[in-house]
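Worksheet: the structure to be examined is printed underneath.
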There are 2 protein chains.
Amino acid sequence: MDAYEKLEKSRKRITESIAQNIHLYGLPPSAGRQFGMMFFENRPLTLDDMSAELGMSKTSMSTSIRSLSEAKLVERVWERGVRKDLYEVKDDWYQIFVDMFTVKWRRAVSLHTAAIRKSLAELKELKHADDITDELLAVIETDIEKLLYIREYYDWLDRLIDAFEDQKIFDLVPRLEEE
Amino acid sequence: MDAYEKLEKSRKRITESIAQNIHLYGLPPSAGRQFGMMFFENRPLTLDDMSAELGMSKTSMSTSIRSLSEAKLVERVWERGVRKDLYEVKDDWYQIFVDMFTVKWRRAVSLHTAAIRKSLAELKELKHADDITDELLAVIETDIEKLLYIREYYDWLDRLIDAFEDQKIFDLVPRLEEE
DNA sequence: CAATACGTACAGAAAAAACTGTACGTACAA
DNA sequence: TTGTACGTACAGTTTTTTCTGTACGTATTG
């Protein structure tokens, strides 16, 4: 095994490690491989570059680069004179984590909150319907309690996301370990 | 639509909302439905209960309840006189979030860190091999830099997980909104 | 001891997701 | 305007994941 192969092996280990954990970002392993490859390339890549490098179709590259962009792991960059789209991995991994966390969870909180609001309104209405037995009323009240509880939880989660988004998390957990 | 159906509809909305976001916990939608159903039932359930309630096989219930347990969303409870396994959703959703976060990310950090350590060792070794061109040496040095950077990042992530695990996150983002 | 109840391993079926190739729309070039 | 280069929508294929039914091991009951 020559030096170049050893280098490749070292890179491949890291890339595979990323590929196998990228599901935490809601992405399939191949997107992780794409990201890993781009991380070691020190230049912006075109879809054709990626396709050649990974031996996958350009269509796939196009699809997964969009996912990677939406999760904020890569970004499009411009270089004058180049007509093709160029992409580059973001270089601040702390910020990558924060962005991904923010994007993923904000959406979830928003969807959940909407559902809770609707159901809560329905249940409060239902309480005053006239074909309600005492037994059913008790169940409704319990459900309302539950929904109020999880609404409170989602409010906390929303504030947690705020704390990430506006960098307050780095006050609690500083970037650099002090020796 | 009678009162009971309205109640069911309200519950179903919440359950579906959970089902569609449970992928953030690394679980399939059906596990979310299972969790949602268990959340509204105010009692521990057996696999047979779940099977009947969701109209799915007992085998499926067994598999997904294990995933739910591993992600710390539900737990097994004991009731004397009952031979079947009983499961209940955990009632502290804040803690559910913290546990899931901790479990998922700790594993990822651990795997990544191991890979980085190995590759870093290889590259440092490779630097001193005698068939290395200056050009290749430069690439190796760049790779080492990259690995040192992400190692630092994973150290931060590890400390972030610590902050969740030992509840410090609630100092930064308190459970109750103060008015 | 035998009989029954229970949970899950395992293999195959069904469903979902990822991947590919073609075809098309858009933008720039000549 | 026509021609070319590019990215992606879409339909079909392949791969992966999820779900089911059977069969088995263990534990409890009589």
SB check Arg33(B) Glu16(B) (cutoff 4.0 Å): yes
For DNA chain C, the residues among residues 46-59 of chain A that have a non-hydrogen atom under 4.0 Å from it: Met56(A), Ser57(A), Thr59(A)
Which of residues 62-87 of chain B sit near DNA chain C, with a heavy atom under 4.0 Å from it? Ser62(B), Arg66(B), Arg83(B), Lys84(B), Asp85(B)
Where the side chain of Arg159(A) meets the backbone of Pro174(B), is there a donor-acceptor pair that is under 3.5 Å apart? yes
Rounded distance (Å) that lies between atom P of dT18(D) and atom CD1 of Ile22(B): 13 Å
Qualifying ring pair (Phe, Tyr, Trp, His ring centres under 6.0 Å) pairs with a residue from residues 4-31 of chain B, counting only residues at least two apart or across chains: Trp105(A)-Tyr25(B)
Just wondering, are more than 12 heavy atoms of other shown residues or ligands nearer than 6.0 Å to CG in Asp91(B)? no
Listing request: all ring pair (Phe, Tyr, Trp, His ring centres under 6.0 Å) pairs with a residue in residues 110-133 of chain A, at least two apart in sequence or in separate chains. His112(A)-Tyr154(A)
Identify, with sequence neighbours excluded, every residue that meets ring pair (Phe, Tyr, Trp, His ring centres under 6.0 Å) alongside Phe39(A). Trp93(A)
Can a side-chain donor-acceptor contact be found between Ser64(B) and Gln34(B) if the only test is distance below 3.5 angstrom? yes
Contacts under 3.5 Å, N or O only, protein and nucleotides 24-26 of chain C:
none

Ignoring hydrogens and angles, tell me if any N or O in the side chain of Thr142(B) forms a donor-acceptor pair with the backbone of Ala138(B) under 3.5 Å. yes
Whether the side chain of Ser110(A) engages the backbone of Arg106(A) through a donor-acceptor N/O pair (distance < 3.5 Å, no angle test) should be reported. no
Do you see a donor-acceptor pair shorter than 3.5 Å between the side chains of Asp48(A) and Ser51(A)? no
Atom-pair distance (CZ on Arg33(B); C1' on dA15(C)), nearest Å: 13 Å
Ser30(A) side chain near dC19(C) phosphate (N/O to OP1/OP2, under 4.0 Å): yes
Given dT20(C), is OP1 or OP2 found less than 4.0 Å from the side-chain N or O atoms of Ser60(A)? yes
